[in-house]
Amino acid sequence: MQQKYNPQVLEREAQRDWEASGAFCAIESADKPKYYCLSMFPYPSGKLHMGHVRNYTIGDVLTRYYRMRGHNVLQPMGWDAFGLPAENAAMQNGVPPAKWTYDNIAYMRTQLKSLGFAIDWSRELATCDPAYYKWNQWLFLRMLEKGLVYKTTGAVNWDPVDQTVLANEQVIDGRGWRTGALVEKREIPMYYMAITRYADELLAALDTLPGWPERVKAMQANWIGKSYGVNFGFSYDGSDPTSWKDGQIPAATHWPQGGRYPPQGQLKVFTTRADTIMGVTFVAIAAEHPLAEMLAACRPALQPFVEECKRGSVMEADLATMEKKGVPTSFCVTHPLTGEKLEVWIGNYVLMGYGEGAVMGVPAHDERDFHFAKKYGLQIPQVIEVPGKAFSTDAWQEWYADKESGVCVNSGRYDGLGYGPAVDAIAADLAAKGVGKKQVLYRLRDWGISRQRYWGTPIPIIHCPACGDVPVPDHELPVVLPEDCVPDGTGNPLNKRAEFVDCKCPRCGQAARRETDTMDTFVDSSWYYLRYACPDNTAQMVDQRVAYWLPVDQYIGGIEHAILHLLYSRFWTKVMRDLGLVKLDEPFRNLLTQGMVLNEIYFRKGESGRMAYYNPADIEWSTDDSGNRTVTLRADGKPVESGGIGTMSKSKNNGVDPQELIDHYGADIARFFMMFASPPEDTLVWSDAGVEGAARFLRRLWNYAVRFKTGGGPAVSPDLGKATRFEIHSVLKQANYDFAKHQFNTVASAAMKILNALDRLAGVNNDVAKEGLRILLRLLYPIAPHISHHLWRELEFGADIVEERWPEHEPEALIEEEIELVVQVNGKKRGDVRVPRDADKKTIEQMVLADPAVQKFVSGQPVKKVIVVPGRLVNVVV
RNA sequence: GCCGGGAUGGCGGAAUUGGUAGACGCACGGGACUCAAAAUCCCGCGCCCUCAAAAGGCGUGCGAGUUCGACUCUCGCUCCCGGCACCA
């Protein structure tokens, strides 16, 4: 046995052992309960970062633990391989995205292997593989048949330089994140997935997921945004002179019959406060509303404002802070219940994408309408009253919008009704007139999946001049993406590929154009967890093996996917269920969102105000004689400023490269530190000293094992042996409780406690030391598998620790002849007492009262009562 | 503004879920070994009072409450982190 712990050598050996025995290949089998442990697959960006290491270590700890617990465990791995960074790298280096991606995958795979994760590599998949994305296309076509995919034209962020749609996250201060160009709102045709059809189930089924964090469920519920209200219409007639405040009917050419908005009709609105309908003084519509466009055509004076609104960012957070502005249009609509004429305003605070893109304005009982009315001098009539509170138009009061205690006033026949009854009565009256009804509305929008990008799944559609948009027939799938394109930043290179674009219409055989948009990469990740069950099936998307492995028993990933990926995946699962492909309502039974990895930030402010960030590894701390600390850059010895602690990121230059860590310390030390430093869901602050501490522990363990193998040392007294066993088994009992809670930091500390206890034994060649070490190695194995694997064999504890059962504490070891009880007087600890294990309460009471320390505090006062908590403490109340 | 989560030593964190607050580790201080250093090992380490110790007092963000007993439960605040946000 080597005298020195040499992780690099023994880790490579252990990994070779596992690979040779195929230890982690998962095979469907009915004789054990299955456990599907899944970590969110990485984007192959180049190399692993610390977040990956933490994520996959958590998954690996669970995987190895449940395997030893007797489960049939699957832990697969794959690559979320399509996406923008590959195209950007291609533009910088002239390398095709495909090559860049495959090279990154090869490197990152070796990194994952060097961390010793118990992954079933036979199931590896990459989403850029035609054998995978074929099924994106196939399911897209099934959804198209069912009407779950449709094409329509909607407002999107358009980057005029890159010639593509940008996601909201890619627009920073109204500019493209890469080009810096002002982003335009554009109306372009896109394919949408009808996720809103599942809005209700996606919301309701959150209650069936007790294994998900509250905050993730809250975020999804928020995102889906269900509200109950009334949808109704204000009737209008553009040809009626009394509909125009200025009495001027616009020329018919401006409002043509058969246009996008008819001259007569209903202007629809949605409201959750139908009880305030008698307080409506105006109607506001979004600048993008078809009526606004029509009115702008009629009244050129409106055009500048409409243009201004449209130019604004699509970012909803920006809208929230914008000043409320509007213009009156002179056009009037009719109140459905009072018949009153109300002027239509175009307002910048009305969102086209929610409800009808038009709202009723009730200044007295809606805060936005209140400020709007004050600004433009509109009437503010009170129609809701809270007893004892005085209404005034001077300033907005919270209670004006209180629907719990508010009651209708100045509302004719609705006076005196509370919120619920008033809404019922008003909805009934609107329905009777045929102009409105109750409606449930969702904030969730359908999912636009078209991207004007090259490196993604081709959308399997052919545009035929004669037949229109024609689906690619199933037998022609997959539509293969050419892998040798190099994007140059001027739009989708597929458009320039004649051999890709030019094709024959499957329906009529005429020359046609292939769709060049690709799918959002979130499509790829919406079902990969199903494909791991059957990655080799070339004939079907999924097969019966999915029924064996799914649902995922434990999913692990970052909180940043709380909405997008996790909502899309739930949606796809339900779609596939309704298409009869799987029998599954929800894909992920338990979800663990791991905390971020943080590190210190150091910077200098340059003369131009530009920040220069320095990696903490290049920083030196020093303390002078008077105890003042200075922080300097090692390279030039000059001071730098501390920027506190933040997420490891490229922009703050405070990342720690996992590869350097592995090269220097080995995988076990890296894994042990990450698990020990904080619980999985909390943030983890990087600490070089902490890593050193982990290294110290594993070295101590190694040295102990060397001594154990050599033998020797003094004999162990029966008392010490018994006490040590007691300690080890109580630590083990607690560790098993912690493991069930996924609190791995205390499991790691339990391993340390056991080693400390064994160290105190001094003698090593005895049964207690052997028993303790056998427990310790198995407890440590999920966290630091290499050293545990190696020592298990080296010490001849068995052929392979992988095949061992998980250790359980022995209750017999926890039985003591005498137990120590804490003695309290009036709830304060005043000493302790040793009593026989089977002493009854009366005996204990007498022993305690006889104790001189207790007598001192009781000091003659009458004893009211004595509380004995068996095995724990005695409290004397005086 | 709404929703979710927090607040425990110099630091990361623990506390069998109402029963000895501060486990385990880091940092720090002292000592051993060494020519010396590194490594390793031993001791100490919440705060106050005290030369020191004993003894005592205080102590889990703040204020009340329930209880023999509260980091833990209840009510009312403060602050911090995260998410969403003109959603009609």
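Here is the naming used below: chain letters follow the sequence lines, and residue numbers restart at 1 for every chain.
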Fill in: Whole-Å gap separating P (B/A88) and CD (A/E367)
14 Å
Worksheet item: Which letters describe nucleotides 38-44 of chain B, given B = protein heavy atom under 4.0 Å from base, S = only from sugar-phosphate, - = neither?
Response: --SS---
Worksheet entry | Span that lies between the C1' atom of B/C71 and that of B/A14, in whole angstrom | 11 Å
Item to complete: For A/V359, report the nucleic acid contact type (base, sugar-phosphate, nothing); a contact means any heavy atom under 4.0 Å.
Response: base
Worksheet item: Taking CG from A/N348 and P from B/A88, how many angstroms apart are they, rounded to a whole number?
Response: 18 Å
Worksheet entry | ring-ring contact (aromatic ring centres under 6.0 Å, His included) evaluation trace for A/F697 with A/F676 | CA-CA 11 Å; A/F697 166 65; A/F676 178 67; 8.5 Å; no
Practice prompt. Take A/S687 and A/E398, find for each the nucleotide of RNA chain B with the closest heavy atom, and name the residue whose nucleotide sits nearer the 5' end.
Written response: A/E398
Discussion item. In whole Å, measure the gap between the P atoms of B/G29 and B/C47 for me.
Written reply: 15 Å
Discussion item. Quick check against the 3.5 Å criterion: does A/N745 have a side-chain atom that pairs as donor or acceptor with the backbone of A/S678?
Written reply: no
Discussion item. When the C1' atoms of B/G22 and B/U40 are compared, how many Å lie between them, rounded to an integer?
Written reply: 28 Å
Worksheet entry | A/L698 CG - B/G25 P separation (whole Å) | 13 Å
Discussion item. Give me the distance, rounded to whole Å, that separates B/C45 from B/A52 when you measure between the P atoms they each carry.
Written reply: 15 Å
Fill in: B/C86 base / A/K324 side chain donor-acceptor hit below 3.5 Å
yes
Discussion item. Heavy atoms only, 4.0 Å cut-off, all strands: where does A/V866 land among base, sugar-phosphate and nothing?
Written reply: nothing
Discussion item. Measuring only the C1' atom in each nucleotide, how far is B/C75 from B/U66? A whole number of Å is fine.
Written reply: 11 Å
Discussion item. Just to be sure I understand the rule, does A/G693 reach a base, reach only the sugar-phosphate, or reach nothing, if contact means heavy atoms closer than 4.0 Å?
Written reply: sugar-phosphate
Worksheet item: So do the side chains of A/L598 and A/W686 get within less than 4.5 Å of each other, counting heavy atoms only?
Response: no
Worksheet item: In the 5'-to-3' direction, what one-character label does each nucleotide of nucleotides 11-24 of chain B receive under the scheme B = base within less than 4.0 Å of a protein heavy atom, S = sugar-phosphate only, - = no such atom?
Response: -BSSSBB-BB--BB
Discussion item. Do the side chains of A/K753 and A/E727 get close enough for a salt bridge, i.e. N-O under 4.0 angstrom?
Written reply: no
Discussion item. Work out how far the P atom of B/C26 is from that of B/C42, and round it to whole angstrom.
Written reply: 12 Å
Worksheet item: What pattern of brackets, bars and dots sums up RNA chain B from 5' to 3', given Watson-Crick or G-U wobble pairs under 3.5 Å, [ ] for crossing pairs and | for another strand?
Response: (((((((..(((......[....))).(((((.......))))).(((.......)))..(((((..]....))))))))))))....
Item to complete: May I ask you to decide if A/T57's main-chain N or O and A/R671's side chain share a donor-acceptor pair within less than 3.5 Å?
Response: no
Worksheet, complete the sentence: Of A/L430, A/D275, A/T272, A/V269, the one forming a side chain to side chain contact (heavy atoms under 4.5 Å, CB included) with A/V230 is A/L430
Practice prompt. Return the value, rounded to whole Å, for the distance between atom CD of A/Q439 and atom C1' of B/A88.
Written response: 12 Å
Fill in: Where the chi angle of B/U40 falls, syn if within 90° of 0 and anti if not
anti
Worksheet item: side-chain hydrogen bond (donor to acceptor under 3.5 Å, both in side chains) between A/Y376 and A/K374: does it pass, once the steps are laid out?
Response: CA-CA 6 Å; A/Y376 295 106; A/K374 292 270 282 189; over 6 Å; no
Worksheet entry | Verdict with supporting geometry, A/H565 and A/E560, side chain to side chain contact (heavy atoms under 4.5 Å, CB included) | CA-CA 9 Å; A/H565 162 59; A/E560 66 272 20; over 6 Å; no
Fill in: Residue mapping more 5' on RNA chain B - nearest nucleotide basis, A/G690 or A/G353
A/G690
Discussion item. Just so I know, are the side chains of A/F744 and A/D738 near enough to count as touching, which here means a heavy-atom distance under 4.5 Å?
Written reply: no
Practice prompt. With P as the reference atom in both, quote the distance from B/A70 to B/G1 in angstrom, rounded to an integer.
Written response: 35 Å
Fill in: Integer-rounded Å distance: B/C87 P and A/H289 NE2
18 Å
Practice prompt. Can you tell me the distance, in whole Å, between the CG atom of A/L567 and the C1' atom of B/G83?
Written response: 15 Å
Fill in: Polar side-chain atom of A/H365 near backbone of A/I384 as donor-acceptor pair, under 3.5 Å
yes
Worksheet item: What is the glycosidic conformation of B/G82: syn, defined as within 90° of 0, or anti?
Response: anti
Discussion item. Any non-hydrogen side-chain atom of A/V822 less than 4.5 Å from a side-chain atom of A/V874?
Written reply: no
Worksheet entry | Length of the line joining A/I285:CD1 and B/C86:C1', which is rounded to integer Å | 17 Å
Item to complete: Report the C-alpha separation of A/Y737 and A/Q743 in whole Å, then their side-chain angles, then the decisive distance to 0.1 Å, and conclude whether the side-chain hydrogen bond (donor to acceptor under 3.5 Å, both in side chains) test is met.
Response: CA-CA 9 Å; A/Y737 179 80; A/Q743 189 173 289; over 6 Å; no
Worksheet item: What's the CZ-C1' distance between A/R368 and B/G1, to the nearest Å?
Response: 12 Å
Fill in: Distance, nearest 0.5 Å, that separates CG of A/L444 from OG1 of A/T196
6.5 Å
Fill in: Whole-Å P distance, B/U34 and B/A38
15 Å
